Amino acid sequence: GFELRGGTIILESNQVINEHKMTLSGGHLDLNNHSQRLESLTLTANSTIDFGDAVGANTLKFNDVTPTWAWDDSSLLTILGFEQGVDKLEFKTLDSDSLEQIQFYGDYGQGEGFYTAQMEQSQSGDFFYVTPDQFLGAGSLNGRNNLGCCDNVMPVPEPGTYAAGGVIVLFCGGFFYWKRRKEKAA
């Protein structure tokens with residue numbers, strides 16, 4: 001097996017990493033328009049799999065998926081360059097918790113952005129196709145943005161912002177006070 005801990009791996013032909021266990025611990029796996037069949041997938045950090053941008057069918061198939069307890073529940077797997085109806089992302093087994101950690105980026109009917117993943121069983125019933133589902137917008141998946149951070153974090157202004165605001169309020173108040181006194185004197 002192999003572990004991708006960061007950076008980018010660009011594959012140059014089909015089945016280069018055939019039948020190996022793969023751990024994604026950050027980084028970017030670029031299939032470069034080549035199909036791969038792997039034994040298993042473990043997700044331990046936000047990672048990206050890019051199907052490539054050329055026209056043509058590409059398949060990424062996992063014969064098994066490490067049980068959910070082995071996936072870091074705060075990590076996201078982002079799928080890029082996936083052409084719906086042409087490319088295939090297949091899993092032998094996949095539970096709903098792991099499915100929620102997969103997001104697609106592209107334009108799948110409602111504009112470019114992030115989409116949830118959905119799972120459909122194959123006709124033979126021996127694996128699941130994972131495809132884009134519902135549009136989430138340009139930056140969030142289940143309350144997390146594409147980097148896996150929380151969307152509900154509120155920005156806190158710098159202390160200098162409050163000081164500048166106070167000076168502006170004092171200036172405006174002083175100006176109106178001065179203008180009013182000037183009008184009474186006239």
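Given the structure is predicted, the values throughout are model-derived calculations rather than measurements. Each residue takes its place number in the sequence, starting with 1.
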Open item on the list: Could you check whether any side-chain heavy atom of K61 comes within less than 4.5 Å of a side-chain heavy atom of K88, counting everything from C-beta outward?
Closed with: no
TODO: With rounding to the nearest 0.5 Å, note down the distance linking CZ in F51 to CG in L29.
DONE: 9.5 Å
Task: Cluster check L31, I9: I/L/V/M/F/W/Y, side chain < 4.5 angstrom - done: yes
Task: Taking every non-hydrogen atom, the tightest pair across T42 and W71 - done: CA-NE1, 4.0 Å
- [ ] May I ask you to decide if S13's main-chain N or O and Q36's side chain share a donor-acceptor pair within less than 3.5 Å?
- [x] yes
Open item on the list: Ignoring hydrogens, what is the shortest heavy-atom contact between Q84 and P132? Give both atom names and the distance.
Closed with: NE2-O, 3.6 Å
Task: Gap separating the CD1 atom of I79 from the CD1 atom of I49, nearest 0.5 angstrom - done: 4.5 Å
Task: 4.5 Å side-chain heavy-atom contact, D30 and L80 - done: no
Task: Side-chain heavy atoms of N32 within contact of E12, under 4.5 Å - done: yes
Open item on the list: Is it the case that the side chain of N14 and the backbone of S35 share a donor-acceptor pair, with hydrogens and angles ignored and the cut-off at 3.5 Å?
Closed with: yes
TODO: Check each of R37, K92, E90 against N63 using the side chain to side chain donor-acceptor pair (under 3.5 Å) test, and report the only one that passes.
DONE: R37
- [ ] Tell me whether F104 is reachable from Y129 by hopping between hydrophobic residues (I, L, V, M, F, W, Y) whose side-chain heavy atoms are closer than 4.5 Å.
- [x] no
TODO: Give, for atom CG of L89 and atom OG1 of T131, the distance between the pair rounded to the nearest 0.5 Å.
DONE: 9.0 Å
Task: Between CG on residue D73 and CG on residue L43, distance to nearest 0.5 Å - done: 10.5 Å
TODO: Answer with yes or no whether the hydrophobic clustering places V86 together with Y115; edges join I, L, V, M, F, W, Y residues whose side-chain heavy atoms lie under 4.5 Å apart.
DONE: no
Task: Min side-chain heavy-atom separation L77-L41 under 4.5 Å - done: yes
- [ ] Flag the pair L99 / F128 as yes when at least one side-chain heavy-atom distance between them is below 4.5 Å, and no otherwise.
- [x] no
TODO: Drop me the distance from E83's CD to N58's CG, to the nearest 0.5 angstrom.
DONE: 9.0 Å
Open item on the list: Taking side-chain hydrogen bond (donor to acceptor under 3.5 Å, both in side chains) as the definition, give me every residue that meets it alongside T8, ordered by chain and number, with sequence neighbours left out.
Closed with: none
Throw together a table of side-chain donor-acceptor distances under 3.5 angstrom for residues 105-114, partners on residues two or more places apart or in other chains.
unit_1, atom_1, unit_2, atom_2, d
Y105, OH, E112, OE2, 3.0
D107, OD1, G109, N, 3.1
D107, OD1, G111, N, 3.2
Y108, OH, F82, O, 2.7

Task: Side-chain touch T116/Q134, heavy atoms, less than 4.5 angstrom - done: yes
TODO: Please name the pair of heavy atoms, one in A45 and one in G26, separated by the smallest distance, quoted to 0.1 Å.
DONE: CB-N, 3.6 Å
TODO: Kindly give the heavy-atom pair with the smallest separation between S25 and E3, and that separation in Å.
DONE: OG-OE2, 2.5 Å
Open item on the list: Less than 4.5 Å apart, side chain to side chain, heavy atoms only: is that true for F91 and I102?
Closed with: yes
Task: Side-chain donor-acceptor pair present, S124, S122, cut-off under 3.5 Å - done: yes
TODO: Determine the minimum heavy-atom distance between L94 and V130, stating which atoms define it.
DONE: CD2-CG2, 3.6 Å
Open item on the list: What I want to check is whether the side chains of T48 and T78 have a donor and an acceptor closer together than 3.5 Å.
Closed with: no
Side-chain donor-acceptor pairs under 3.5 Å in residues 176-186, sequence neighbours left out?
unit_1, atom_1, unit_2, atom_2, d
Y177, OH, R181, NH1, 3.2

- [ ] Report yes or no: do F127 and L38 belong to one cluster of Ile/Leu/Val/Met/Phe/Trp/Tyr joined by side chain heavy-atom distances under 4.5 Å?
- [x] no
Task: Any side-chain heavy-atom pair of D50 and H28 under 4.5 Å - done: yes
